[in-house]
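Okay, so here's the structure we're looking at.
Order of appearance sets the numbers: ligands from 1, and atoms from 1 within every ligand. Count residues from 1 along the sequence.
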Amino acid sequence: MQCIFQPSDENIDRARQLIESGSLVAFPTETVYGLGADATNDHAVAQVFAVKGRPKFNPLISHFTSIEDIQKHADLDKKALLLAEKFWPGPMTLIVRKKETSTISKLASAGLPTIAVRIPKHSLAQQFLKTVKRPIVAPSANKSGFLSPTQANHVYQSLGDRVDMILDGGECHIGLESTVIDLSSDKINILRPGAITIEDIMPYIENMDISFTPKFSSHEKIKSPGQLTQHYSPELPLRINVDNVFPTEALIAFGPKIYSGAQKTVNLSETGDLVEAAANLFSVLHSLDKGPYRSIAVMPIPNEGIGIAINDRLMRAAHKDE
Ligand code: TXA
Ligand code: MG
């Protein structure tokens, strides 16, 4: 694993040189590992799409270290600033109007008049972003349509040597991608649920319309490709909300009362803690996907708080397009 590097000053400076030369650097955030490239370099952004095998219409998130830097590229209105000041740095992405004068590659926003922006909280992500001194696009560092990485070696398993450098920051502590909130129209629209929930943002958006529309049908027009039906997917068939388990299956359990009879059982949280379950979800799916099971069964997860985001990812993972 030549391309996994520990986070020393020397390695972070090497990461800066790579980014400046248009290469790709994967780095940890508090949500998942991102596949980073210079957001202002069309060629580097194109390389991100190529390495991920991602459909071109799927726009990317630009990562920053300050609200002031974001305002060079995007208009933040009152509600955006309220949410920004409350939840950044953190696991929240805002879709806002892009400035005409922004130097961010049009490819990054897939030609849309809007742009996705986020300030991550992870200390290594911040150190990396401060050192490169430019916005960094970073989709999750996995092949398009597969599981998001929560460890450096997941990135390597999915993308191999096509990434020039993977900065190792250990396990991502949230383990699910950021909440995506579209503020580009009069209404507030949650396009992707995450660790920051509707209940968390409610107090800051008084008197405003809010809707929650992650889409599950592949036939509907896609506003955020996080809405693609089958997006987070293991190779083995996945059964969710199960009330029984087969002897040839791996069981993903939740809480103290678990089903018996599975070939292998892994508990997301023995105490029934949803935050702990979210942090474990992708690494458990990664490890079970190697087999030797016929399928993976998942016990019901309460649909509240970050449980909504867990169920959103599980539904996508279980769905197979015909
Ligand atoms: O936690 C995260 O958000 C991670 C870490 C690395 O920051 N990144 C991530 O990026 O999940 P990505 O590219 O896999 O997901 C970005 C989401 C997608 O659902 C994309 O469609 C949506 O944001 N998005 C980006 N720009 C958009 C725009 N202008 N309008 C609507 N949706 C947009
Ligand atoms: Mg992704």
(request) May I ask you to say whether Glu30 pairs ionically with Arg118, meaning some side-chain N is under 4.0 Å from a carboxylate O? (result) yes
(message) Between Arg16 and Glu20, does any NZ, NE, NH1 or NH2 come within less than 4.0 Å of an OD or OE carboxylate oxygen?
(response) yes
(request) Name the option, out of Ala26, Ser109, Ala138, that contains the heavy atom nearest to atom 8 (N) of ligand 1. (result) Ala138
(request) Considering the heavy atoms of Gly34, write down every atom of ligand 1 situated less than 4.0 Å from one of them. (result) 6 (C)
(message) Please determine whether side chain to side chain contact (heavy atoms under 4.5 Å, CB included) holds for the pair Leu83 and Trp88, giving the CA-CA distance in whole Å, both sets of side-chain angles, and the decisive distance to 0.1 Å.
(response) CA-CA 8 Å; Leu83 293 178; Trp88 277 340; over 6 Å; no
(request) Check whether more than 12 heavy atoms from other residues, nucleotides or ligands sit under 6.0 Å from atom NZ of Lys143, and answer yes or no. (result) yes
(message) Does only the side chain of Thr114 get under 4.0 Å from ligand 1, or the backbone, or both, or neither? Count heavy atoms.
(response) both
(message) Around atom CZ of Arg294, are there more than 12 heavy atoms from other residues, nucleotides or ligands closer than 6.0 Å?
(response) no
(request) Looking only at distances, please establish whether an N/O atom of ligand 1 is found under 3.5 Å from an N/O atom of His63. (result) yes
(request) Using a strict cut-off of 4.0 Å, indicate which atoms of ligand 1 neighbour a heavy atom of Pro59. (result) 20 (C), 24 (N), 25 (C), 26 (N), 27 (C), 28 (C), 33 (C)
(request) Answer with yes or no whether Lys98 contacts ligand 1, where contact means a heavy atom under 4.0 Å from a ligand atom. (result) no
(message) Taking distance alone, with N or O pairs closer than 3.5 Å, would you say Thr29 contacts ligand 1?
(response) no
(message) Salt bridge or not between Arg97 and Asp75? Use side-chain N to carboxylate O under 4.0 Å.
(response) no
(request) Heavy-atom contacts with Leu112 under 4.0 Å: which atoms of ligand 1 show up? List them by number with element. (result) 28 (C), 29 (N), 30 (N)
(request) Kindly indicate whether the side chain of Phe146, heavy atoms from C-beta on, has any atom under 4.5 Å from the side chain of Lys52. (result) no
(request) Check each atom of ligand 1 against the heavy atoms of Ser178 and keep those under 4.0 Å away; list them by number with element. (result) 1 (O), 2 (C), 3 (O)
